[in-house]
Amino acid sequence: DSGVTQTPKHLITATGQRVTLRCSPRSGDLSVYWYQQSLDQGLQFLIHYYNGEERAKGNILERFSAQQFPDLHSELNLSSLELGDSALYFCASSVAPRSSYNEQFFGPGTRLTVL
Amino acid sequence: GDSVTQMEGPVTLSEEAFLTINCTYTATGYPSLFWYVQYPGEGLQLLLKATKADDKGSNKGFEATYRKETTSFHLEKGSVQVSDSAVYFCALRSRDRDDKIIFGKGTRLHILP
């Protein structure tokens with residue numbers, strides 16, 4: 001158990017819909033990262049938040065957005081869903097960016113299926 | 001940009017065989033290197049890591065050495081078990097502002113009893 005929790009574990013929805021994935025980082029971790037794992041693209045970095053502020057964006061679609069709240073949990077919002085958005089979405093946390101601990105701890109993931 | 005290349009799978013071995021999964025990287029500076037493992041139906045677990053050249057990461061009988069001269073971080077295990085069947089990802093953590101982890105495509109390992 002990494003200490004990072006993600007809900008829900010599974011999500012099934014239809015094209016055009018909007019969903020919200022939730023992540024709670026390990027206690028004391030200020031950085032939250034979101035990754036997408038799909039069959040064709042592999043594991044890709046989406047976005048990084050540090051202490052409530054967006055720090056970096058990766059290959060994140062404009063239909064996707066995220067935020068980190070004062071209690072440090074984060075939500076990834078996916079809208080106008082397409083079949084190709086079906087994937088496993090991971091959240092990871094670390095103490096701080098580029099910290100000496102230099103390790104990200106991954107949650108169990110949310111499996112999104114778009115029908 | 002930074003990237004990780006690892007050997008394609010699947011790799012099928014008999015129990016107690018020797019395992020090597022090759023991994024090479026391209027990066028500016030000196031990234032930290034990792035091997036993650038994903039068991040069927042589960043999330044990503046950190047298997048081992050190395051943060052500087054010549055460091056050797058080890059865990060559960062697996063080892064990998066950070067080789068700066070060959071930009072490699074090959075995963076090895078002397079005697080695999082059926083329970084090692086999983087997908088293994090080589091990865092690096094960038095030292096730029098993104099602070100993201102860049103993963104290889106993964107290598108699926110099947111161990112036969």
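Chain letters run A, B, ... following the sequence lines, proteins first and then strands; every chain starts at 1.
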Open item on the list: With clusters defined by side-chain heavy atoms of hydrophobic residues (ILVMFWY) lying less than 4.5 Å apart, directly or transitively, does A:Leu61 cluster with A:Leu76?
Closed with: yes

Task: Neighbour count above 12 (heavy atom, 6.0 Å) for B:Glu8 CD - done: no

Open item on the list: Looking at B:Glu69, I'd like to know if its CD atom is crowded, meaning that more than 12 non-hydrogen atoms belonging to other residues, nucleotides or ligands lie closer than 6.0 Å.
Closed with: yes

Open item on the list: Please classify the contact of B:Leu46 with chain A as side chain, backbone, both or neither, using a heavy-atom distance under 4.5 Å.
Closed with: side chain

Open item on the list: Under 4.5 Å from any heavy atom of chain B, what part of A:Leu88 do you find: side chain, backbone, both or neither?
Closed with: side chain

Task: For chain B, the option from A:Gln37, A:Lys57, A:Gln6 that forms the most heavy-atom pairs under 4.5 Å - done: A:Gln37

Task: Exercise: identify the closest heavy-atom pair between A:Tyr33 and B:Arg93 - done: OH-NH2, 3.2 Å

TODO: Taking the side chain as every heavy atom from C-beta outward, state whether A:Leu43 and B:Leu44 have any pair of such atoms under 4.5 Å apart.
DONE: yes

Open item on the list: Would a single hydrophobic cluster contain both A:Phe105 and B:Tyr36, if residues Ile, Leu, Val, Met, Phe, Trp and Tyr are joined by side-chain heavy-atom contacts under 4.5 Å?
Closed with: no

Open item on the list: Aromatic contact between B:Phe103 and A:Phe45, with the criterion being ring centroids under 6.0 Å apart: yes or no?
Closed with: no

Open item on the list: At a heavy-atom distance under 4.5 Å, which candidate from A:Ala56, A:Gly42, A:Gly107 has the highest pair count against chain B?
Closed with: A:Ala56

Open item on the list: Tell me if a side-chain donor or acceptor on A:Tyr35 pairs with a main-chain N or O of B:Ile101 at a distance below 3.5 Å.
Closed with: yes

Open item on the list: Is it true that, when you exclude A:Leu83 itself, more than 12 heavy atoms of the residues, nucleotides or ligands shown sit nearer than 6.0 Å to its CG?
Closed with: yes

Open item on the list: With a 6.0 Å cut-off (strictly less than), is the heavy-atom count around CZ of A:Arg26, excluding the residue itself, greater than 12?
Closed with: yes

Open item on the list: What part of B:Gln45 gets within 4.5 angstrom of chain A, counting heavy atoms only: side chain, backbone, both, or neither?
Closed with: neither

Task: Validation row: B:Lys100, A:His48 side chains within 4.5 angstrom (heavy atoms) - done: no

Open item on the list: Using a 6.0 Å cut-off, check whether atom OH of B:Tyr30 has over 12 heavy atoms from anything other than its own residue.
Closed with: no

